[in-house]
Every structure is written in structure tokens, then in C-alpha cells.
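These values consider heavy atoms only, across backbone and side chains, with no hydrogens, waters or symmetry-generated copies.
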Amino acid sequence: MRQLAHDEEKHLAERKEVVERELKLLLLPKDPNDEKSVLLEIRAGTGGDEAALFAGELFRMYSRYAESQGWKVEVLESSPSSLGGLKEIVAAIQGHKVYSRLKYESGVHRVQRVPATEQQGRIHTSAATVAVLPEADEIDIKIEAKDLRIDTFCSSGPGGQSVNTTYSAVRITHLPSGLVVSQQDEKSQIKNRAKAMRVLRARLYELEQEKQQAAITAERRGQIKTGDRSEKIRTYNFPQNRVTDHRIGLTLHQLTDVVDGKLGPLIDGLVTHYEAERLKQELAEA
């Protein structure tokens with residue numbers, strides 16, 4: 001009986017630590033966007049064709065991770081490069097709490113490796129930018145018809161007989177903000193318009209959030225730095241099979257697994273770090 005009591009005490013002490021941490025986290029202000037699906041935007045940066053190839057690999061990485069989480073990925077807009085990479089791509093990722101897992105991925109992702117086009121075997125550094133936008137509902141952002149200019153034009157690129165013959169491509173300009181969204185992946189003008197409106201709504205929602213955050217002082221409760229798309233957040237070093245997240249100083253020698261979509265250790269590390277930062281700030285202000 002004494003041994004059973006000691007074992008139970010040890011188990012309960014461990015459980016107490018976990019429960020106390022969970023309780024503290026539950027007391028933190030919730031991010032209202034955590035439950036939302038997202039729009040993922042990836043664009044090739046410095047590095048030419050190599051940057052476009054890297055952008056394509058990043059999209060594959062996020063697609064694989066989304067698949068492992070049971071999320072749905074829908075490409076809304078893409079621009080392939082000549083060597084099979086992506087100049088840019090916009091995709092919707094839908095599922096449970098997608099934003100809560102991917103919100104720290106926005107920023108500049110840097111790759112270091114020997115490009116396939118390199119004759120001397122020299123390591124090059126290229127970059128791609130990633131933006132994760134919470135997908136806004138019509139309730140979140142109300143768009144007036146009078147604020148929109150909608151133009152139609154012929155699609156370009158592969159697509160069969162309908163290309164350059166029907167005005168299926170759509171360009172929507174939001175006059176008050178100057179935002180412009182184009183969509184031509186679908187053969188139907190109605191479908192292209194619907195996709196363009198989804199992208200426009202998400203970008204307007206992001207603009208509104210940026211305005212609100214700019215008005216909040218640095219001392220405001222729950223306000224922490226999570227990085228933005230202009231900040232270099234992560235380096236993927238292929239010769240050393242190493243990936244480093246610069247914001248939290250986390251280095252993993254599992255690059256092959258990471259680019260194959262096994263992002264769990266990185267995302268868990270980021271979530272834990274920023275939750276701890278918020279908790280520390282909350283306790284300091286209490």
C-alpha cells in the first residue's frame with residue numbers, strides 16, 4: 001500500500017504541473033483568428049530560378065503537412081517558373097484551427113545549397129517569402145459593390161481552346177485601398193470571381209488587423225512580437241541537413257524530414273515559445 005501511495009503521489013505531482021500550465025494558458029486572451037482557415041501566399045525572392053524552385057518546395061512542404069493534419073489544400077492562383085518551380089502561389093488551406101498552427105510561418109525563408117544550374121559546386125543563398133493570412137468571412141469584412149471595379153480579360157498560358165478566346169479571367173480592384181487581385185486558373189468567369197473575392201477579403205482583413213495593431217501600444221495586454229513577412233525567420237541548409245528557426249534559436253538536423261512536411265517539432269517549438277512569452281507578459285502585468 002505504501003508503494004502504491006508513492007507511485008500515485010509521483011503521478012499526481014506530474015499531472016499537477018501539466019494541469020497548472022494548461023490552466024494558465026486557458027487564462028490567456030484567445031487569438032480570435034486561431035479557429036480560422038488560412039490563405040497561404042508563397043513568392044520567390046532573391047535568387048532567380050533557384051528561388052522559384054525553393055518556393056515550389058516550400059509549397060510542397062506545407063501541402064504535405066496539411067495532408068498529415070487532415071486539412072484541405074486548394075490552389076487559388078499560381079505562376080510556374082521555367083524550371084518547374086513557382087514564381088508565386090496562393091492557396092487556401094481549410095480545416096480545424098489551421099491558423100493557430102501556421103500563423104508563425106510568415107516571413108522570409110532562406111535556403112543554402114548548391115543549385116542544379118551551378119557548374120562550380122558553389123553554395124548559393126536564395127529566399128522566398130511566406131504569408132499566412134486568416135481567411136475572412138463576409139461577417140468579418142463587408143465589401144460594398146460600389147467600392148469594386150471588376151475587369152474581365154482573356155486567360156493566358158495552358159488551358160486548351162478556351163484560352164485567349166473567352167473572357168474568363170477576372171481582375172478586381174478595391175478602390176478605397178487600391179488592392180488589386182487577379183484570377184485566371186478556372187475556365188469559368190464566375191469561379192474566378194469567387195476565388196478573387198476570397199483573396200481580396202483576406203487581404204483587406206489583414207490590412208484592418210495591421211491598422212488595429214498599429215494603434216495598440218507596446219504595453220497592451222497580450223501584444224507580443226510574432227514576426228512579419230519582411231523578417232528572416234528560418235534557414236534551410238541542405239549541405240548540413242540543418243534547419244534553423246532564428247526567432248527561437250531552434251536548430252534541427254532533420255532537414256530532409258522537415259521539407260517532406262514533418263513540421264511538428266518546429267511548429268510545436270514556436271507555439272510553446274510564444275505562449276510562454278505571452279504568459280510571462282501577463283504575469284508581469286498582473
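- A salt bridge does not link Arg201 with Glu135: every distance from a Lys NZ or Arg NE/NH1/NH2 to an Asp or Glu carboxylate oxygen is 4.0 Å or more.
- In the hydrophobic clustering of this structure, Val170 does not group with Leu175; members are Ile, Leu, Val, Met, Phe, Trp, Tyr whose side-chain heavy atoms approach within less than 4.5 Å, directly or through other members.
- At a threshold of 4.5 Å between side-chain heavy atoms, the hydrophobic network of Ile, Leu, Val, Met, Phe, Trp and Tyr places Val180 and Tyr205 in two separate groups.
- Smallest separation of non-hydrogen atoms from Ile89 and Ser78: CG1-CB, 4.0 Å.
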Less than 3.5 Å apart, which donor and acceptor atoms pair up between the side chains of residues 6-14 and the rest of the protein, not counting sequence neighbours?
{"residue": "Asp7", "atom": "OD1", "partner": "Gln3", "partner atom": "NE2", "Å": "3.0"}

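- You'll find the side chain of Gln184 stays beyond 4.5 Å of the side chain of Arg171, heavy atoms only.
- Of the candidates His174, Lys195, Gln183, Leu200 forms a side-chain contact (heavy atoms from CB on, under 4.5 Å) with just one, namely His174.
- Side chains of Asp245 and Tyr104: a donor-acceptor N/O pair is absent below 3.5 angstrom, by distance only.
- When every heavy atom of Ile172 is checked against every heavy atom of Ala196, the shortest pair comes out as CD1-CB, 3.7 Å.
- The shortest distance between side-chain heavy atoms of Val258 and Met61 falls below 4.5 Å.
- We find that Arg203 and Glu41 are joined by a salt bridge, their nearest charged nitrogen and carboxylate oxygen being less than 4.0 Å apart.
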Discussion item. One pair to check against side chain to side chain contact (heavy atoms under 4.5 Å, CB included): Thr251 and Arg242. What are the steps and the verdict?
Written reply: CA-CA 7 Å; Thr251 295; Arg242 168 171 54 83; 3.5 Å; yes
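- Atom OG of Ser126 and atom CZ of Arg113 lie 7.5 Å apart (nearest 0.5 Å).
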Discussion item. Could you go through Leu266 and Arg234, starting from their C-alpha distance and side-chain angles, then the distance that decides it, and tell me whether this counts as side chain to side chain contact (heavy atoms under 4.5 Å, CB included)?
Written reply: CA-CA 10 Å; Leu266 277 171; Arg234 194 175 295 153; 4.0 Å; yes
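- Asp151 has a carboxylate O that lies under 4.0 Å from a charged side-chain N of Arg149, or vice versa, which qualifies the two as a salt bridge.
- Pairing each heavy atom of Gly95 with each of Trp71, the nearest pair is CA-CD1, 3.7 Å.
- Interatomic distance, CG of Leu255 versus CG of Asn241, reported as 5.5 Å (0.5 Å rounding).
- No side-chain heavy atom of Val114 sits under 4.5 Å from any side-chain heavy atom of Arg122.
- Contact record, Leu86 with Gly56: CD1-CA, 3.8 Å, taken as the closest heavy-atom pair.
- Side chain of Ser100 to backbone of Lys97: a donor-acceptor contact under 3.5 angstrom is found.
- Between Gly264 and Tyr65, the shortest heavy-atom contact is N-CE1, 4.2 Å.
- Heavy-atom minimum distance, Ala51 versus Ala127: CB-O, 3.5 Å.
- Between the Ser177 side chain and the Leu179 main chain, a donor and an acceptor come within less than 3.5 Å of each other.
- Contact check for Glu50 versus Leu83: no side-chain heavy atoms found under the 4.5 Å cut-off.
- Between the OG1 atom in Thr256 and the NZ atom in Lys262 there is a gap of 10.0 Å [rounded to 0.5 Å].
- In the model, Thr244 has no side-chain atom that pairs as donor or acceptor with a side-chain atom of Thr235 under 3.5 Å.
- With salt bridges taken as basic N to acidic carboxylate O contacts below 4.0 Å, one links Arg101 and Asp268.
- Using the six-membered ring where Trp is involved, Phe54 and Tyr236 have ring planes that are perpendicular, over 60° apart on the 30 and 60° scheme.
- Side chains of Pro134 and Gln209 form a contact here, defined as non-hydrogen atoms less than 4.5 Å apart.
- To the nearest 0.5 Å, the span separating CD on Glu277 from CD1 on Ile248 amounts to 11.0 Å.
- To the nearest 0.5 Å, the span separating CZ on Arg110 from CG on Asn237 amounts to 9.0 Å.
- Checking Thr129 against His109 by side-chain atom types alone, no donor-acceptor pair falls below 3.5 Å.
- Residue-environment remark: CD (Gln94) exceeds the threshold of 12 foreign heavy atoms within 6.0 Å.
- Leu270 CG to Ile233 CD1: the interatomic distance, rounded to the nearest 0.5 Å, is 7.5 Å.
- Atom CZ of Arg193 has 12 or fewer heavy atoms from other residues, nucleotides or ligands within 6.0 Å.
- The salt bridge (charged side-chain N to carboxylate O under 4.0 Å, His left out) analysis of residues 73-87, with sequence neighbours excluded, yields the pairs Glu74-Arg198.
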Item to complete: Could you walk me through whether Val181 and Met197 pass side chain to side chain contact (heavy atoms under 4.5 Å, CB included), step by step?
Response: CA-CA 8 Å; Val181 176; Met197 286 297 293; over 6 Å; no
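- With a 4.5 Å cut-off on side-chain heavy atoms, Tyr99 and Leu133 do not count as touching.
- Taking the ring axis of Tyr274 as reference, the NZ or CZ atom of Lys103 does not stay both within 45° of it and closer than 6.0 Å to the ring centre.
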Worksheet item: Stepwise, does the side chain to side chain contact (heavy atoms under 4.5 Å, CB included) test hold for Leu102 with Ile267?
Response: CA-CA 8 Å; Leu102 295 183; Ile267 290 176; 4.1 Å; yes
